[in-house]
Amino acid sequence: MTNVTSIRFGETDIEAIAGQEGRVAILVDTEGKLDPAGRRVNRLTRGTLARMVDSSRFEKLGQGEVISLGFPAGLSAEALDIVKLDRRPSQADARKAGAALGRLRGEYDMLVLTGSTRRAADMAFGIAMRDYRFNAHKTKADPAKGEVTLMASKPEDVAAAAAPLMAIADGAHMTRDLVNEPANILTTTEFADRLAEMSSLGLKVDVLEEDALEELGMRTLLSVGQGSDSPSKVVVMEWMGGKKGDAPLALLGKGVVFDTGGISLKPAAGMEDMTMDMGGAGTVAGTMRALALRKAKANVVGIVGLVENMPSGNATRPGDVVRSMKGDTVEIINTDAEGRLVLCDILWYAQDKYEPAGMIDLATLTGAIIIGLGHENAGVFSNNDTFCDAFLKAATTEGEGAWRMPLGKAYDDMLKSRIADMKNIGGRPAGSITAAQFLQRFVKDDVPWIHLDIAGVASVKSDTRLAPKGATGWGVAALNRLVMDLYETG
Ligand code: BES
Ligand code: MN
Ligand code: ZN
């Protein structure tokens, strides 16, 4: 849950190995040459380590992979984890190694001897990201209590390099907690309260209630939430760590705390997954948290639209026409295409209030993007190649899958309505693209904009590189990286 693993960094203390309880992890490079820690372990275990390293099992092991020995002779630990990792591994391999250890940690204390490894900080990041459980509602779960000690030759350097990475892991854990939380707990009010708590980190958090949204003219957003007993809210989080007066980056998130489909009701099977339909808002929140924790020297504003899409006597009907904050009218053909109705008003609000240098919206917007890209890549849509390439590069660096999709007039034409300025759906073909086209109608031409359809990546049914199954926290690291690359240079 919320707090990242407590990781301490210490001087390499070879004597500590024998008495360490829980787990001991040591690194062995591809050549199998043992470093001082390895030689110590080998002596203590009477040659077991050398035999392991000479074996074909070790040879077949990939970079960043682990072999574990249970109750090793000569050690107090319950397990010895041998990690194959070169002295100068790639960032991805070092994180992978960390993740493998993070997965194994369980409730144990863990001692990791990184020795001279330059990438101890990346290993720490891998451990922190992967060592996550959502136990909030398991009454019999063991309280996680283990501590990880990472021993390196220059612990202060590693600690300094790891600090901003721990901020990212912390942010990603927050995103996961929000996305995993069921909708009876994470109501719009509870969501807003959790965001408001982040003011303790130096974020300026404002919660706009329904009367304020009405005043602003956010009728499309309000039309989504009007069938629910939970009030619709927009939460604005400002982090102004950059130069005074510099236009901010705006991050916008779809926060549908539960999506029944509304009157265009979804089928029962799998509907429980729609607790994750606030994944865009969750990612924005986690990113803002990471930026605040590491005191980013950039101006970034996060805006999330929190609503619940429910059927009821006063829910929006198919065929209803509503007016957006921009002034354009929308014929709601399908009340299940609600995310775009939330986003279009906060996109307009962001431009109206902040004149942002760029805008990125995140949304679990369409099932169609899962058909197209599966769970490997988020769909990326943009009106600006430079901005888009910068994001794709950031995502690649962080190992977060992202794939650009097209936009174009032919798709936009599919939104034409007989009675209003547009319909809220474009029909079955190209469902993710017409959804993006809908959003683009609310983006001014001169504002660089990226839309991320994260329906396939926000929460998944099997373990991923850095996360156990369930909410992934996808996007926090990439967005943080983009902020570093574009807004913190100089
Ligand atoms: N929240 C869903 C999209 C979604 C589907 C997210 C599966 C995660 C997993 C969205 O609001 C939705 O219902 N979209 C419809 C749009 C359609 C009515 C045009 C869809 O994708 O079926
Ligand atoms: Mn829907
Ligand atoms: Zn939805």
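Both ligands and their constituent atoms are indexed starting at 1 by order of listing.
- Within the 4.0 Å heavy-atom shell around ligand 1 one finds Lys266.
- The nearest pair of heavy atoms linking Ser417 to Glu331 is OG-OE1, 2.7 Å.
- Between Arg133 and Asp131 a salt bridge is recorded (basic side-chain N to carboxylate O distance below 4.0 Å).
- Side-chain atoms of Asn377 come within 3.5 Å of backbone N or O of Ala402 as a donor-acceptor pair.
- Protein heavy atom at the shortest distance from atom 10 (C) of ligand 1 is Leu365 O, 3.3 Å.
- Of the candidates Asp259, Asp336, Thr335, Val457, the one placing a heavy atom closest to atom 15 (C) of ligand 1 is Asp336.
- The pair Lys326-Asp345 does not count as a salt bridge, with every side-chain nitrogen at least 4.0 angstrom from each carboxylate oxygen.
- No salt bridge links Asp93 with Arg95; every basic N to acidic carboxylate O contact stays at or beyond 4.0 Å.
- The existence of a salt bridge linking Glu338 and Lys254 is confirmed by a sub-4.0 Å separation between a basic side-chain nitrogen and an acidic carboxylate oxygen.
- For atom 21 (O) of ligand 1, the closest non-hydrogen atom on the protein side is Gly367 N, 2.7 Å.
- In terms of polar-atom proximity, defined here as any N/O pair under 3.5 Å, Ala337 makes no such contact with ligand 1.
- A salt bridge does not link Asp361 with Arg340: every distance from a Lys NZ or Arg NE/NH1/NH2 to an Asp or Glu carboxylate oxygen is 4.0 Å or more.
- Residue contacts with ligand 1 leave out Asn309, since none of its heavy atoms falls under 4.0 Å from the ligand.
- By the 4.0 Å heavy-atom criterion, Lys254 is counted among the residues contacting ligand 1.
- For residues 439-458, the pairs satisfying salt bridge (charged side-chain N to carboxylate O under 4.0 Å, His left out) are Asp412-Arg441, with sequence neighbours left out.
- In terms of polar-atom proximity, Asn334 is not counted as a contact of ligand 1, lacking any N or O under 3.5 Å from an N or O of the ligand.
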For this session: Go through the steps for Trp348 and Asp328 under the test side chain to side chain contact (heavy atoms under 4.5 Å, CB included), then give the verdict.
Result: CA-CA 11 Å; Trp348 198 255; Asp328 291 359; over 6 Å; no
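- Atom numbering of ligand 1 starts at 1 in the shown order; those under 4.0 Å from a heavy atom of Ile370 are 7 (C), 9 (C).
- Less than 2.8 Å away from the Mn ion (ligand 2), the protein contributes these N/O/S atoms: Asp259 OD2, Asp336 O, Asp336 OD1, Glu338 OE1.
- One finds a salt bridge joining Glu398 and Arg481 here, because a Lys/Arg side-chain nitrogen approaches an Asp/Glu carboxylate oxygen to under 4.0 Å.
- Contact check on Asp81 versus Arg105 returns no salt bridge, with no Lys/Arg side-chain nitrogen under 4.0 Å from an Asp/Glu carboxylate oxygen.
- Residues passing the ring-ring contact (aromatic ring centres under 6.0 Å, His included) test with Phe381 are His451, sequence neighbours excluded.
- Checked against Glu488 for a salt bridge (charged side-chain N to carboxylate O under 4.0 Å, His left out), the options Lys297, Arg294, Lys295 give a single hit: Arg294.
- Of the protein's non-hydrogen atoms, the one nearest atom 7 (C) of ligand 1 is Met274 CE, 3.6 Å.
- A side-chain N or O of Thr329 and one of Asp421 form a donor-acceptor pair less than 3.5 Å apart.
- Every N/O-N/O distance between Arg340 and ligand 1 stays at or above 3.5 Å.
- At the shortest separation from atom 1 (N) of ligand 1 among protein heavy atoms lies Asp277 OD1, 2.8 Å.
- The main-chain N or O of Ile333 is found under 3.5 Å from a side-chain atom of Asn424 such that the two form a donor-acceptor pair.
- Between Arg194 and Glu181, at least one side-chain N (NZ, or NE/NH1/NH2) sits under 4.0 Å from a carboxylate O, which counts as a salt bridge.
- Within ligand 1, the atoms closer than 4.0 Å to a non-hydrogen atom of Thr366 are 3 (C), 21 (O), numbered from 1 in the order shown.
- Shown are the protein N/O/S atoms under 2.8 Å from the Zn ion (ligand 3), given by residue and atom: Lys254 NZ, Asp259 OD2, Asp277 OD2, Glu338 OE2.
- Using a cut-off of 4.0 Å between Lys/Arg side-chain N and Asp/Glu carboxylate O, Lys409 and Asp413 are scored as salt-bridged.
- The protein atom (non-hydrogen) at minimum distance from atom 19 (C) of ligand 1 is Ile425 CG2, 3.5 Å.
- For ligand 1, the atoms lying closer than 4.0 Å to a non-hydrogen atom of Glu338 are 11 (O).
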